[in-house]
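For reference, the structure is listed below as structure tokens.
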Number of protein chains: 2
Amino acid sequence: MNGVDAKHRLSVPASLRETIEARSQTRELVLGPDEHAPCLIGYDVTYFDRLEARLEEEFAADFGPGRSLKARSVFGATEHLKYDETGRIILSPLMREMGEIGAHVVFIGVGHHFELWSPEQFLAQPGQDPRVLKLVKALIAGRAQ
Amino acid sequence: MNGVDAKHRLSVPASLRETIEARSQTRELVLGPDEHAPCLIGYDVTYFDRLEARLEEEFAADFGPGRSLKARSVFGATEHLKYDETGRIILSPLMREMGEIGAHVVFIGVGHHFELWSPEQFLAQPGQDPRVLKLVKALIAGRAQ
DNA sequence: GGAACGACCATAAAATCCCATTGAATACCC
DNA sequence: GGGTATTCAATGGGATTTTATGGTCGTTCC
């Protein structure tokens, strides 16, 4: 669990940075809303580019309204973020709103992408692994002191 | 959300300028009406060229009324705009009219293109992410003071 | 003349960089 | 093994730069 400071800066965990750099050869990541849960979803730029290409292909000859709607819902609220030498990104108001992000954030690695949760939202989510829940609870308790 | 001043100047967000310049090596963008939504749609010039080529392909040897109708609806009222050192474009009366643009504008990046909305029109559009809506509402409220 | 437009300069706020500190995990050595 | 250096991740805070935007001053074209 990492903190979000008064300047809305957030340290991306070093381990995550490592995999991002290995995959994309950049210090960038793409962040956007998750479609189904109150959290943010992030990936390296190569994965984003593949999504983009797929959509482009799918709607190749389609200048119609379907394209516009779909594209907007998929990409409309994503941001490309570079992190600096110390590994920090800045969370925009939009991201903070969509992820319901407060003073702390939980990073959850999920295979090819990762999720960003407010600890409270994470705990409130039904069907979580009790072991993970226990860990997050412990982390929150630690911060509370 | 960026403001449109009394001279109808509008700052293009720096992040968008960056991708435009990376893709097209120019400080230009193409702006036109969206076919199906009350907003403007913008591209870098290379994407515009690709759209043109795609249309050319689709209608190959067909010079009938369908082609010109489509061409008109896609390219009919577009403008090539250069932005200056400070990143501002000037919105013509036509653009302001077609996009129903008033004192403020919402930029939405959508993969290879972007959209320009009047905040009010954006809110009125069905199927939007409620979290984005909430933020835009807050921005409008903030500007209203 | 004067309205519209463009090239500049000015400024406040926000983003970004840079250095310092904390603190935990690891390596090292006796 | 116990205690102590060392490394590096995470973070705090100030300095610096960039962004968005307001304003001024010529120019051009009716």
Side-chain angles (χ1 to χ4, degrees), chain A residues 1-22 26-29 31 42 79-97 101-109 114 116-119 135-136 138-145, chain B residues 1-22 26-29 31 42 79-97 101-109 114 116-117 119 135-136 138-140 142-145:
Chain A
M1 182 160 71
N2 288 355
V4 180
D5 69 17
K7 295 155 101 174
H8 307 121
R9 292 180 298 185
L10 170 66
S11 290
V12 179
S15 57
L16 188 55
R17 269 146 47 200
E18 206 176 317
T19 73
I20 286 172
E21 283 159 39
T26 69
R27 288 185 172 176
E28 292 169 56
L29 55 88
L31 209 56
E79 289 179 3
H80 284 243
L81 301 172
K82 290 189 238 292
Y83 49 83
D84 58 28
E85 300 292 319
T86 63
R88 284 193 282 200
I89 56 176
I90 296 178
L91 295 176
S92 69
L94 179 62
M95 291 300 136
R96 302 200 303 274
E97 165 70 32
I101 307 290
H104 297 284
V105 157
V106 179
F107 281 86
I108 308 284
F114 60 92
L116 254 174
W117 288 83
S118 134
L135 184 70
V136 173
L139 285 170
I140 292 177
R143 294 283 182 174
Q145 291 163 6
Chain B
M1 184 158 70
N2 288 357
V4 180
D5 70 16
K7 297 160 85 172
H8 307 120
R9 293 181 298 185
L10 170 65
S11 290
V12 179
S15 56
L16 190 55
R17 272 150 39 204
E18 205 177 318
T19 72
I20 286 172
E21 283 159 38
T26 69
R27 288 185 173 178
E28 293 169 54
L29 55 87
L31 208 57
E79 289 178 2
H80 284 243
L81 299 171
K82 290 189 238 291
Y83 49 81
D84 59 27
E85 300 292 319
T86 64
R88 284 195 282 201
I89 56 177
I90 295 178
L91 295 175
S92 69
L94 180 61
M95 290 299 139
R96 302 200 304 273
E97 161 75 29
I101 307 291
H104 297 285
V105 156
V106 178
F107 280 87
I108 308 285
F114 61 91
L116 255 175
W117 288 81
L135 188 76
V136 173
L139 285 171
I140 291 178
R143 296 280 183 174
Q145 292 164 4

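Because the structure is predicted, anything quoted here is derived from the model rather than measured.
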Quick one: A:L10 CG to C:dA15 P, roughly how many Å, whole number? 15 Å

For A:S11 and D:dA9, is the shortest distance between a side-chain N/O and OP1 or OP2 below 4.0 Å? no

When rounded to the nearest 0.5 Å, the distance separating CD1 of A:I89 from CG of A:L116 is 6.5 Å

Does D:dA10 have OP1 or OP2 sitting under 4.0 Å from an N or O in the side chain of A:R17? yes

By nearest atom, which of the nucleotides C:dG6, D:dA9, D:dT21 is closest to the B:R88 side chain? D:dT21

Distance check needed: C:dT16 C1' versus A:L81 CG, whole Å only. 13 Å

Would you kindly give the CD1-to-C1' distance between B:I89 and C:dA4, to the nearest whole Å? 17 Å

Rounded to whole Å, how long is the line connecting atom CG of B:D5 with atom C1' of C:dG6? 13 Å

Looking for any heavy atom pair under 4.0 Å, which part of the strands does A:V12 touch: base, sugar-phosphate only, or nothing? sugar-phosphate

Does the side chain of A:F114 come within less than 4.5 Å of A:T19's, by heavy atoms? no

Which residue, B:E18 or A:A6, contacts DNA chain D at a nucleotide closer to its 5' end, judged by nearest heavy atom? A:A6

Assign each of A:V4 and B:S15 to its nearest nucleotide of DNA chain D by heavy atoms, then name whichever residue's nucleotide is nearer the 5' end. A:V4

B:D84 CG to C:dC5 C1', straight-line distance once rounded to whole Å: 12 Å

With the side chain counted from C-beta on, respond yes when B:K82 and B:R27 share a heavy-atom pair under 4.5 Å apart, and no when they do not. no

With a 6.0 Å cut-off (strictly less than), is the heavy-atom count around CD of B:E97, excluding the residue itself, greater than 12? no

Nearest whole angstrom, please: distance from the P of D:dT19 to the CG of B:L16. 13 Å

Can you tell me how far OH of B:Y83 sits from CD1 of B:I20, rounded to the nearest 0.5 angstrom? 5.0 Å

Let me know the distance between NE2 of A:H8 and C1' of C:dA13, rounded to the nearest Å. 14 Å

Looking at the side chain of A:K7, which of D:dG14, D:dA10, C:dC9 is the nearest nucleotide? D:dG14

For the side chain of A:R9, counting heavy atoms from C-beta on, which of C:dC17, D:dA10, D:dA20 is nearest? C:dC17

Of all the choices, D:dA9, D:dT19, C:dT16, which nucleotide is nearest to the side chain of B:A14 once you look at every atom? D:dT19

When rounded to whole Å, the CG to P distance for the pair B:N2 and C:dA13 reads 17 Å

